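Some notes on the structure that comes next.
Given the structure is predicted, the values throughout are model-derived calculations rather than measurements.
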Amino acid sequence: MELSTREDIEAPLDQVFGLATSFERLERQAMRHGIEVTRVSPDGATSDQGLSWRASFYYRGKAREADIALTRFDPPNTMVYTATSGGLDAVTTIDFVPLSPMRTRVGLKVEVLPRTLSARLLVQSLKLARGNIEKRFSIKIAEYASEIETRLNRSA
């Protein structure tokens, strides 16, 4: 199953990419949403050399864990994260495209790949609710893009 959306942000590419790669801020933001995040990168890891995290959260009333790794880092164009949780793999690709000196398009694509029978059943149920999920996904990304825009315009 694949979800994708794109949003235009009224800010320069380097600022948008800088905010998107502020990993400490992203970790704190996840924690505010009830996700326990622990960085498990090897000592001395930088943004392009093996950053990874372990996340613990509740989904459908059960405690879950996910291992997340930054698998591709091409500043300021692309970031690719790979997450594994139970029988699911998810690949998230974030592309940054400068539309003008003060406008950046951010494209986000999430591909969920089941590896077990129970994961296939979960993905199948998600496909049945695809319209609602895509709508919620697009709204959340639009809200996040607006938050980035507001944050960057406040600091300018």
Side-chain angles (χ1 to χ4, degrees), residues 1-9 11 16-75 77-96 104-152 154:
M1 182 172 155
E2 187 177 296
L3 299 170
S4 64
T5 189
R6 65 179 184 215
E7 288 294 325
D8 294 347
I9 299 174
V16 173
F17 191 80
L19 205 54
T21 56
S22 174
F23 299 112
E24 293 81 15
R25 189 183 67 77
L26 294 171
E27 290 167 2
R28 286 191 308 272
Q29 191 173 22
M31 287 180 198
R32 283 193 299 271
H33 286 93
I35 302 169
E36 185 179 316
V37 179
T38 306
R39 194 179 293 206
V40 293
S41 303
D43 290 340
T46 62
S47 55
D48 60 347
Q49 294 177 344
L51 277 180
S52 58
W53 300 265
R54 163 126 328 155
S56 301
F57 54 96
Y58 283 90
Y59 180 71
R60 293 188 174 183
K62 289 179 70 176
R64 314 277 180 167
E65 285 192 348
D67 292 317
I68 305 160
L70 181 60
T71 54
R72 182 168 169 230
F73 188 74
D74 177 22
N77 304 311
T78 305
M79 292 189 304
V80 178
Y81 293 93
T82 303
T84 302
S85 179
L88 283 177
D89 290 338
V91 178
T92 303
T93 305
I94 308 169
D95 292 311
F96 301 86
T104 303
R105 176 166 289 160
V106 178
L108 183 80
K109 179 175 83 169
V110 179
E111 186 175 5
V112 179
L113 308 163
R115 291 183 295 131
T116 64
L117 181 60
S118 60
R120 286 177 200 254
L121 292 171
L122 173 64
V123 170
Q124 191 62 37
S125 69
L126 294 175
K127 285 181 181 180
L128 293 173
R130 183 179 195 96
N132 191 20
I133 291 170
E134 284 177 337
K135 182 179 175 182
R136 289 186 3 220
F137 179 73
S138 293
I139 289 170
K140 287 291 186 189
I141 299 305
E143 288 172 355
Y144 187 65
S146 177
E147 178 186 318
I148 288 174
E149 205 170 90
T150 302
R151 181 182 298 270
L152 290 175
R154 235 185 304 146

For R105, all residues meeting salt bridge (charged side-chain N to carboxylate O under 4.0 Å, His left out), sequence neighbours excluded = D8
Where is the tightest heavy-atom contact between F17 and N77, given as atom of each residue plus distance?
-> CE1-N, 4.3 Å
To the nearest 0.5 angstrom, please state how far the NZ atom of K109 sits from the CG atom of D95.
-> 8.5 Å
Distance from R39 atom CZ to I68 atom CD1, nearest 0.5 Å?
-> 12.0 Å
Those residues at least two apart in sequence (or on a different chain) that pass salt bridge (charged side-chain N to carboxylate O under 4.0 Å, His left out) with R136 are none
Of the non-hydrogen atoms in M1 and V123, which two are nearest, and what is the gap between them?
-> CB-CG1, 3.9 Å
Under 3.5 Å, which donor-acceptor pairs do the side chains of residues 58-66 form with other protein atoms, sequence neighbours left out?
from : atom 1 : to  : atom 2 : distance (Å)
R64  : NE     : Y59 : O      : 3.4
R64  : NH2    : Y59 : O      : 3.4

Flag if over 12 foreign heavy atoms under 6.0 Å of CZ, R6 = no
One should read off an interatomic distance between K127 NZ and L122 CG, to the nearest 0.5 angstrom, of 11.5 Å
In Å and rounded to the nearest 0.5 Å, what is the CD to OG1 distance from E111 to T82?
-> 10.5 Å
For E36, look at atom CD and say whether over 12 heavy atoms of other residues, nucleotides or ligands are found less than 6.0 Å away.
-> no
Check: T84 side chain, D67 main-chain N or O, donor-acceptor pair, under 3.5 Å | no
Which word best sums up how the rings of F23 and W53 line up, parallel for under 30°, tilted for 30 to 60°, or perpendicular for over 60°?
-> tilted
